[in-house]
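All values derive from a computational prediction rather than experimental measurement. Whatever order the structure lists them in is the order used to number ligands and atoms, beginning at 1.
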Amino acid sequence: MNHFEYRGGILHAEDVAIPDIAADVGTPFYCYSSATLTRHARVFMDAFKGQPARLCFSVKANSNLAVIATLAREGAGADVVSEGELRRALAVGIPPEKIVFSGVGKTEAEMSFALEVGIDQFNVESEPELELLSRLAAARGLTAKIAIRVNPDVDAKTHEKIATGKAENKFGISWKRAPAVYARAAELPGIAATGIDVHIGSQLTSLEPFEAAFRRVAGMVEELRAQGHKIEQIDLGGGLGIPYRGDNDIPPHPDEYAAMVKRTVGHLGCGLTFEPGRLIVGNAGILVSRVIYEKQGDDRKFLILDAAMNDLIRPTLYDAFHEIRPVFEPLGGEEVVYDIVGPVCETGDFLARGRPMPRLKAGDLVAIMSAGAYGAVQASTYNTRPLVPEVLVRGGDYATVRARPDYDEILKQDKIPAWLEPEKSPTR
Ligand code: LLP
């Protein structure tokens with residue numbers, strides 16, 4: 001469910017008409033709905049009523065400060081994967097004791113910072129990381145609470161680039177090796193191994209892979225407890241998918257997911273952490289773009305937008321499907337099959353291919369739906385295209401929560417070395 005709907009034939013974000021924002025900030029831009037964000041956070045937490053669960057929003061999915069502040073006001077904590085994300089979470093007032101730190105390559109500087117601010121839990125992904133964290137914590141007289149991220153060798157049945165729980169993936173520590181790593185952790189100074197963590201992938205549309213992984217985790221908790229380890233926390237990661245094709249592919253509801261969690265790990269009496277990202281923000285954001293040209297190829301029609309792969313890379317990187325809606329509701333009439341592309345000089349620069357659409361023309365606005373997760377955060381300035389602005393709507397209000405940089409700002413980031421300055425270059 002989301003709050004992007006046609007009203008009087010015009011697409012609105014909550015009570016704000018999209019063309020009004022477009023006239024104000026220009027296109028392309030990302031537009032987020034506060035109501036959808038808070039609704040998704042509440043639906044998720046409500047699903048876990050009666051279970052000792054907490055939501056640590058996966059900041060990588062959308063790290064705009066206004067978005068994470070909105071979720072923080074709902075009580076969400078944060079799952080971060082870098083010092084930058086940790087600083088964002090702290091900047092909006094998320095208490096350190098609601099922050100978990102994931103990632104395969106945490107550096108010494110990053111872990112030192114996280115220890116100093118007192119985050120709740122490090123999700124440790126390798127033995128060398130564990131040894132380094134122990135040294136850093138012990139040197140400060142601190143104890144780092146950790147969970148070992150186990151790799152359960154389960155096929156998440158999602159796109160190969162977003163599957164993380166198979167043995168061949170770089171993530172986590174093999175579940176076979178984990179008991180030895182817990183034994184080592186128990187010997188190390190500055191480490192309290194009180195948790196276990198698993199995350200098998202993103203955009204999962206069935207509960208089965210989760211269930212297989214969670215059963216493996218439950219078995220491990222029992223085994224580890226039998227070996228004398230005090231496991232009190234289970235972090236089950238994120239990964240629950242969202243509908244990208246309207247009502248045609250509805251992944252399991254958080255209620256079904258929560259019931260499955262209860263039957264797989266509920267008997268263990270552990271505190272539960274969840275790290276949803278996409279589920280919270282995916283359908284809370286759209287990318288609004290304007291048609292530059294409609295172009296007739298030999299065998300197809302292209303719709304050339306002012307948004308491109310650098311603004312939303314998901315279609316070309318993960319073969320992802322995003323619904324594309326005209327901002328002015330079509331009233332029937334001619335349908336055309338388009339390849340919907342951007343201006344970037346790459347054949348892979350497309351947002352949709354072979355997409356039936358109402359006939360559109362230069363100047364028309366379109367909304368690329370379900371773009372709130374892994375959209376703006378994965379944008380680049382390729383082709384020296386400015387990062388697109390982000391707008392947050394709440395009811396009848398909206399605010400630009402990241403402005404479009406101007407060209408001077410972009411050019412100023414590069415420096416010309418002295419030897420290339422005209423007055424200093426050698427005379428010939
Ligand atoms: N926890 C960990 C340790 C993760 O690696 C991820 C996502 C999440 C939680 C949140 O997963 P979610 O609930 O959002 O599925 N850029 C890709 C998705 C990459 C996911 C990376 N890890 C895409 O656009 O589909």
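If you check which protein heavy atom lies closest to atom 22 (N) of ligand 1, you get K60 CD, 3.6 Å. Among all protein heavy atoms, the one lying closest to atom 15 (O) of ligand 1 is S202 OG, 2.4 Å. Of the protein's non-hydrogen atoms, the one nearest atom 20 (C) of ligand 1 is Y374 OH, 3.6 Å. When hydrogens are left out, the protein atom nearest atom 19 (C) of ligand 1 is I162 CG2, 3.8 Å; that is the closest non-hydrogen contact.
Looking at E294 and Y338, their side chains do bring a donor and an acceptor atom within 3.5 Å of each other. Counted by atom type alone, N123 and S102 present one or more donor-acceptor pairs between their side chains at under 3.5 Å. Side-chain contact of N283 with H40: a donor-acceptor pair under 3.5 Å is absent, judged by distance alone.
No option in D364, L360, L365 other than L360 meets the side-chain contact (heavy atoms from CB on, under 4.5 Å) test with P326.
Closest heavy-atom approach to atom 25 (O) of ligand 1 within the set Q203, H159, R278: this belongs to R278. The option with the heavy atom closest to atom 23 (C) of ligand 1, from among F57, F171, Y318, is Y318. Summarising the contacts of atom 12 (P) of ligand 1 with A61, G241, G239, the nearest heavy atom is found in G239.
Less than 4.0 angstrom separates some heavy atom of E275 from each of these atoms of ligand 1: 1 (N), 2 (C), 3 (C), 8 (C), 9 (C), 10 (C), 13 (O). When each atom of ligand 1 is checked for a heavy atom of G238 under 4.0 Å away, the hits are 9 (C), 13 (O).
At a threshold of 4.5 Å between non-hydrogen side-chain atoms, the residues F57 and K98 do not count as touching.
Contact between L279 and ligand 1 is absent, with no heavy atom of the residue lying under 4.0 Å from the ligand.
A centroid separation of 6.0 Å or more is found between the aromatic rings of Y318 and Y374.
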